[in-house]
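To keep things clear, I will list the structure first and then write my remarks on it.
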There are 2 protein chains.
Amino acid sequence: MSEDRMETEAPEEKKDVTDLLLQDILTGTLPAGTWLKQIDLERRYDCTRPEVRRALDRLSQKRLVQHNPNRGYQVYELDDQRTREISDIRVILETGIADRMIANATPEAVRDLRELANVFDEMSFRGSIMEHYDANLAFHRALLMLAGNIELVNIIAEIRQRTASAPVSQWRTRARIEQSAREHHLMVDALEARDLPELRRLIEIHIRQAPIKA
Amino acid sequence: MSEDRMETEAPEEKKDVTDLLLQDILTGTLPAGTWLKQIDLERRYDCTRPEVRRALDRLSQKRLVQHNPNRGYQVYELDDQRTREISDIRVILETGIADRMIANATPEAVRDLRELANVFDEMSFRGSIMEHYDANLAFHRALLMLAGNIELVNIIAEIRQRTASAPVSQWRTRARIEQSAREHHLMVDALEARDLPELRRLIEIHIRQAPIKA
DNA sequence: GTAGGCGGAATTGGCTCCATTTTTGGAGAA
DNA sequence: TTCTCCAAAAATGGAGCCAATTCCGCCTAC
């Protein structure tokens, strides 16, 4: 009838302001420390004041922006201390479920993971920064899904968002990207071989972004 | 001058509406499935419409209430699946840092924890349900603080809020409360004795609220 | 008698206006 | 010339108003 006209007539889909602001923070378009003035965001995303406010409130709940009462909001500036703490948490969680990932690693799951690792490789050549980021997310999401704990997947996704502003800038280096890609494949290898210690070692290396050895 | 008059003249401190609503959900005053009409909440907490809306939005982000567009909000009905998953996450995290808790367990820290465990005992006799809940939170917060990871303390606090509605009802039984109190003291004992396997065992039992043995 | 459609009441959700607070720029004095 | 104080402008944050959507009850028609 008249419901499906939108798809072609209005290509600019109405995405949520929260997501748009989140993307700009994650991609580094709005660097850490930037003051997020409501007027500016209103014009930037062509939305109303309450929408801006809700987005800022949500992101401050997620600790992505800092709220200074009667002063304003600014992109969260995370120090090395906190970055290390968050990495520690991820290491504990993700190595803690490595055994379950191996237990549920069916041949089909391994094949799917390999495909997602390949997509990541592909995107590092031809994709935009956001497509690349999404491909990475998709791989890790599928990997964590093997543990059979959906809540855990969501929590790790939230945690990773808290510290994503730094890694994205680290991604700028070609060497780091290629190492990540290699680590993805190595993790799938360890998964297929059901080598628990090796998988745990790789996960820790991957999270801490340490130089790979051996 | 005139700033410190509040303390005595206005005993009704202005708490955040989000916290008040959260408490009513956690204590079971608003059971699962209850429709949260904005006009009711406005009168119930004597606040304005925007405050109610922000509280509902925040709690829906935390998945404590469910948002039905153009219909309203209702208290989230959590299934056993999710409860188990969240317990698993807590077990992994809290047993995963048990070694660090032992490493940082100074005599003073052990003494403070014992005191907090005593406060919990005290509150189970003479405190309100909320004071009891807070005493429990304070003990676990201090215990987790030993790991020296502030982010982790916050994350566990968030996670625990997601599924607290069920446990609170379980608290109704006197036997369960007394077991929790005993487990607190046993955990401090294991910490003092630097018995890592025993501490891990106790933490898992405590989180899963399983019957204690030995 | 029952089912379907219609109208009114109530609730949600967006928007704009306004007060309070902070900041910045300028003017005056040391 | 520089520091301080005051005033004006701008930004935050709150509150109430109004439109849009939904739900419930009633009436009508079959």
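Letters go in sequence order (proteins before strands), and every chain restarts at 1.
Between the CD1 atom of B/I39 and the C1' atom of D/dA15 there is a distance of 14 Å, given to the nearest Å. Distance, A/D16 CG to C/dG13 P: 14 Å, rounded to whole Å. Note: NZ (B/K37) to P (C/dG13) measures 14 Å, nearest angstrom. Summarising the geometry, the separation between CG on B/D40 and P on C/dT11 is reported as 8 Å, rounded to the nearest angstrom. When rounded to the nearest whole Å, the span between CG of A/L36 and P of D/dT12 equals 10 Å. Separating the OH atom of B/Y73 from the P atom of C/dT12 is a distance of 9 Å, rounded to the nearest angstrom. Rounded to whole Å, atom P of D/dA11 lies 16 Å from atom CD of A/Q74. Look at CD on B/E42: it is 10 Å from C1' on D/dG16, rounded to the nearest Å.
Inspection of the B/E183 and B/Q179 side chains reveals an N or O donor paired with an N or O acceptor under 3.5 Å.
Closest to the side chain of B/T48, out of C/dG13, D/dA15, C/dC15, is D/dA15. Comparing C/dG14, C/dG13, C/dT23 by their nearest atom to the side chain of A/R71 picks out C/dT23. When distances are taken from the side chain of B/R53 to each of D/dT22, C/dG14, C/dT21, the shortest belongs to C/dG14. When distances run from any side-chain atom of B/E51 to the nucleotides D/dA15, D/dG13, C/dG13, the shortest one goes to D/dA15. Proximity note for B/R54 (side chain, C-beta onward) versus C/dG13, D/dA11, D/dG14: the nearest is D/dG14. Of the candidate nucleotides C/dT21, C/dT16, D/dT21, C/dT16 has the atom nearest to the side chain of A/P50.
Summarising the geometry, atom OG1 belonging to B/T83 is positioned 9.0 Å from atom CD belonging to A/E151; distances are rounded to the nearest 0.5 Å.
Using a 4.0 Å cut-off, no side-chain N or O of B/H67 falls inside it from OP1 or OP2 of C/dT12.
Base engagement by A/R49 is indicated by at least one non-hydrogen atom pair under 4.0 Å involving a base atom.
By the 30° and 60° cut-offs, the orientation of the rings of A/F120 relative to A/H184 is perpendicular.
Counting heavy atoms of neighbouring residues, nucleotides and ligands inside a 6.0 Å radius, atom CD1 of B/I150 does not exceed 12 of them.
Under a 4.0 Å N-O distance rule, the pair A/D121/A/R182 does not qualify as a salt bridge.
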